[in-house]
Amino acid sequence: MSALLSQEVIEEVRQAADIIAVVSEHLALKRIGTNYQAICPFHAEKTPSFSVNPQKQIFKCFGCGKAGNVFHFLMGIQNISFPEAVKALASRFGISLKDDDTESGYREEQKSLWDLMEWAASYFQQQLSYHPEGLEYFQKRSISPSMIQQFRLGIAPPGWNNLMDAAKNAGFEQESLEKAGLIIKSQQKEKFYDRFRNRVVFPIGNMEGKIIAFGARALSSEDHPKYLNSPETLLFSKSKTLYGWHFAKNSILEQKSLIIMEGYTDVLMAHQYGFNTAVATLGTALTEEHTKIIKRYVSSVILLFDGDSAGQKAADRSIHFFVKEGINVHIVVLPEDLDPCDFLIKYGKDAFQERIERAEDFWDFQIKTIASHHDLTNTSGKRYAIQEISKTISLIPDAISRRLVLNRVGEIFKIPPEILGSQIASLAKNNPGIIAKTESIKEKLQEEDEKFLLWTVLHYPEKIEQIFFRYTINDFRNPGWKDIAKKIYEYWVDYNTVNLASLLSRIDSLVAPELVHLYHANYGIVDDRALDERLNLIFKGLAKEKHLLELAKLKQMLWNVQPMQQEAKTKILQNARHLCRAHIASQKGSTEIESSSTLTFS
Ligand SMILES: [Zn+2]
């Protein structure tokens, strides 16, 4: 849907929507010098670390790191998407989004579906008074009346069209009912019937608590499946939704922790016993989208598994998403194959609390699990075990954490961490995505340099041409910086300058805070001379890196050449000589640097 909003319109809205005006509708702003301050709405704090810069039209929290332009503020505070934020501010500041009829149609439709889902939730709730088997079921599962209220549990009565008839009487169209996934078309066309029949119903909310779907459990053992969810609709996407998030959100922010479970009743029971940070996936494994949502709120999570499948789930790909994002994972395995709901009922709050406190670090758990699958007394068993765990370790984004895990694995498998390290390096070679993330000290330096180049173009747009000529977008090794560099360059091509707040609208919302942080980085540059000196140093260093990389490639080619291919060898050696000359020139600061990037390897 965002494709329908042009950059021009987005920029028009951004310029009209003064960030101070918008923020002050939500927070008590206090003027401090040229900036404004407030208590941050995105994390719990007592002294204000949330700052808004009216000149730059950006905000940044020095406590939790949230940052961006006016759109990002509204997205965060109202839990809405980027296009929704643009539209909300457009209507608030009287800008009409022309050529946008399909879009407003879409919004109307979405709104009417929301009304319908809200109505359906109330309908299912009311039905509890007419169908006592619903409350009986909840009582049997020890769910308290206050939880039934809070989570708005209900019942879909037996029969084929109770909900459909009631909805039509309430003025809803059949088409909407179908789009909301509440009714299904039968095989013999034109005949519709209720999706949920004779089931207890658990409404599923979005992050704001608006009802977007239902989960339903069969009351009769003859009905299949036992659990039935709404289908994917305009409102509902399973891979982005976590059950109970809306109720857990404040506690998650306060406690900076999150417990992830697997079922509705698990979450209900956890909240009932005061574990308010519990949420659940909806019958799917954790997805990358889940991880991205979670990362905005916490840096560590606890996963609850029942004993039987724990090992297999810990090896599951979904945990890799956490590893990749640098989120700490702890694992709790419940005994006797009990799920959290049953465990709480059987053993109570304190026993559960104790399990949570004793949650095992993911790596210890993973190492133990893998070790138990292989015979470590012989070499091949060891080799398989190491291969298995190396795959996961190679995903850890930062070098220090990787090192720590390597040491632990080395201890258990009685293998020097260096040897493990090289195993991981060879895995990384087969996966370019990982290479970008493996940071030797040298690469780390380069990444710092790339950051500095971007900092420079943000503060000194007049240097852009010079910088991107010598270090092109494709030279950027860190994919994140590369993407930002590309956006800055495109912006510069369009407008011949760089405006941070405007630029922020063009980049991925998840990356926006990075850019604001980068803008605020302090490199101690006091004047133009200091800047030029630093730039020169960087270009020399970068050229050297580039040349070494190319030299390594040449070496590799030489190695691969068959003994008889004299011609190929000569060509490679020629290239190597060319490279050396270019390198010497670059270190003298000559402009010949550029020629080195045009080496051919045909
Ligand atoms: Zn904050």
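Hydrogens, waters and symmetry mates play no part in the numbers below; they use all other heavy atoms, side chains included. Computed from a predicted model, the values in this text were never measured in an experiment. Remember, it's 1-based here, ligands and their atoms both numbered in the order they're listed.
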With sequence neighbours left out, what residues match Ala521 under side-chain contact (heavy atoms from CB on, under 4.5 Å)? Trp455, Tyr523
Pair [X] + [Y]: basic N to acidic O under 4.0 Å:
X      : Y      : result
Asp361 : Arg408 : yes
Lys210 : Asp115 : no
Glu490 : Lys487 : no

Under 2.8 Å from the Zn ion (ligand 1), the protein N, O or S atoms found are Cys40 SG, His43 ND1, Cys61 SG, Cys64 SG
Looking only at heavy atoms, which two atoms of Leu29 and Ala38 are closest? And how far apart?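 So the minimum-distance heavy-atom pair works out to CD2-CB, 3.9 Å.
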Sidechain-backbone polar pair: Thr277 side chain, Ser251 backbone, donor-acceptor under 3.5 Å: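 No, Thr277 side chain to Ser251 backbone: no donor-acceptor pair under 3.5 Å.
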